[in-house]
Amino acid sequence: MLNSKPIGIFDSGLGGLSVVEKIFVKIPQAKIVYLGDTARVPYGGRTAEELRSFADDITHFLLSKDCGIIVDACNSTSAVALDFLQQKYSNPIIGVIEPGVRAALDTTRNGCIGVIATEATVKSGAHKKAAQELDPGITMISLACPDFVPLVETGEVTGERTFNIVKRTLEPLKGTNIDTLILGCTHYPYLSELIKEVIGEGITLVDPAHETTKETAKYFLQKVPEENSKIKAEDHEFYVTGNPEHFQRLGEVLMGRKLPLVKKVNT
Ligand code: DGL
């Protein structure tokens, strides 16, 4: 029974917490086991081969923790490793690319969609491919934002310096026709206020986490087993491959809630 097992969620670091937040709200009966690969963050400059190998190690780790459904809460690995993982493992593995594209297609009025993401994700062309499979008439403009992940990983999500970096990075989107912008990296929702301020009211931001969470929640629609219906905050498990104190402190600030004790592991 997949819905009586924990949901395994992973990312390179803190970004996947933006997905965990939505899962906490929408699937409160599920226990979460989270792995942030903070020893190897950022993933954005990694090769597809490296990312497949990291995603494989982490999936293996999460399955060793008895997880049922795995959520790849990282666009960079979803872009290049999802097919590989789905072929290798029999458990359902849900990524963030296609859900984000579906949400953007529902949102756009003029068929011109922007996506901001890591270099690895942009290079893969995964959003473009997914969009054109669903609607060949769509125009997609992609922009890599390599400075954004370090800002979130160091907790610099507000202030003038961060605003200026966001403004400078998003400059190439000015003058384009996009009416919808996919936050194509799970770290970016933590910069969404500044992104909104820079791009203006006319462009709708899409956080793929909502659609990803809906897809995950489908597995929990059947009757939830009694013993699994009362998950307490301290029952969730959070692991990192780097510094657990750093993740604990910043994770709690970003999520605005206490996390159970974050533990260090080697995957
Ligand atoms: N949050 C991840 C993503 O969605 C990885 C970012 C990074 O480590 O560069 O792409």
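Each ligand, and each atom within it, is numbered from 1 in the order the structure gives.
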Is any N or O atom of Gly44, backbone or side chain, closer than 3.5 Å to an N or O atom of ligand 1?
-> yes
What is the nearest protein non-hydrogen atom to atom 3 (C) of ligand 1, stated with its residue, atom name and distance?
-> Asn75 N, 3.3 Å
Specify the protein heavy atom at minimum distance from atom 10 (O) of ligand 1: its residue, its atom name, and the distance to 0.1 Å.
-> Ser76 OG, 2.7 Å
Which one holds for Thr186 and ligand 1: side chain close, backbone close, both close, or neither close, with close meaning a heavy atom under 4.0 Å?
-> both
For ligand 1, indicate whether the residue Val149 contacts it via side chain, backbone, both or neither (heavy-atom separation under 4.0 Å).
-> side chain
Out of [options], which residue meets the side-chain contact (heavy atoms from CB on, under 4.5 Å) rule with [X]?
X      : options                : value
Leu170 : Ile165, Leu194, Val198 : Val198
Phe163 : Arg161, Glu160, Lys167 : Lys167
Tyr190 : Leu17, Leu183, Leu14   : Leu17

Cation-pi check, Arg40 onto Phe54 ring (under 6.0 Å, within 45° of axis) | yes
Under 4.0 Å from a heavy atom of [X]: which atoms of ligand 1 are those, numbered in the order shown and with their elements?
X      : value
Val41  : 8 (O)
Asp11  : 1 (N), 2 (C), 5 (C)
Tyr43  : 7 (C), 8 (O), 9 (O)
Thr118 : 6 (C), 9 (O), 10 (O)

Supply the atom-to-atom distance Ile203 CD1 to Leu205 CG, rounded to the nearest 0.5 angstrom.
-> 8.5 Å
Interatomic distance, CD1@Ile138 vs CD@Glu133, rounded to 0.5 Å, equals 13.5 Å
Considering only heavy atoms, which of Ser12, Ser78, Pro189 lies nearest to atom 5 (C) of ligand 1?
-> Ser12
Closest approach of Ser124 and Lys129, non-hydrogen atoms and distance?
-> O-NZ, 3.2 Å
Between Arg102 and Glu215, is the closest basic N to carboxylate O distance under 4.0 Å?
-> yes
Looking only at heavy atoms of Gly13, does any of them come nearer than 4.0 Å to an atom of ligand 1?
-> no
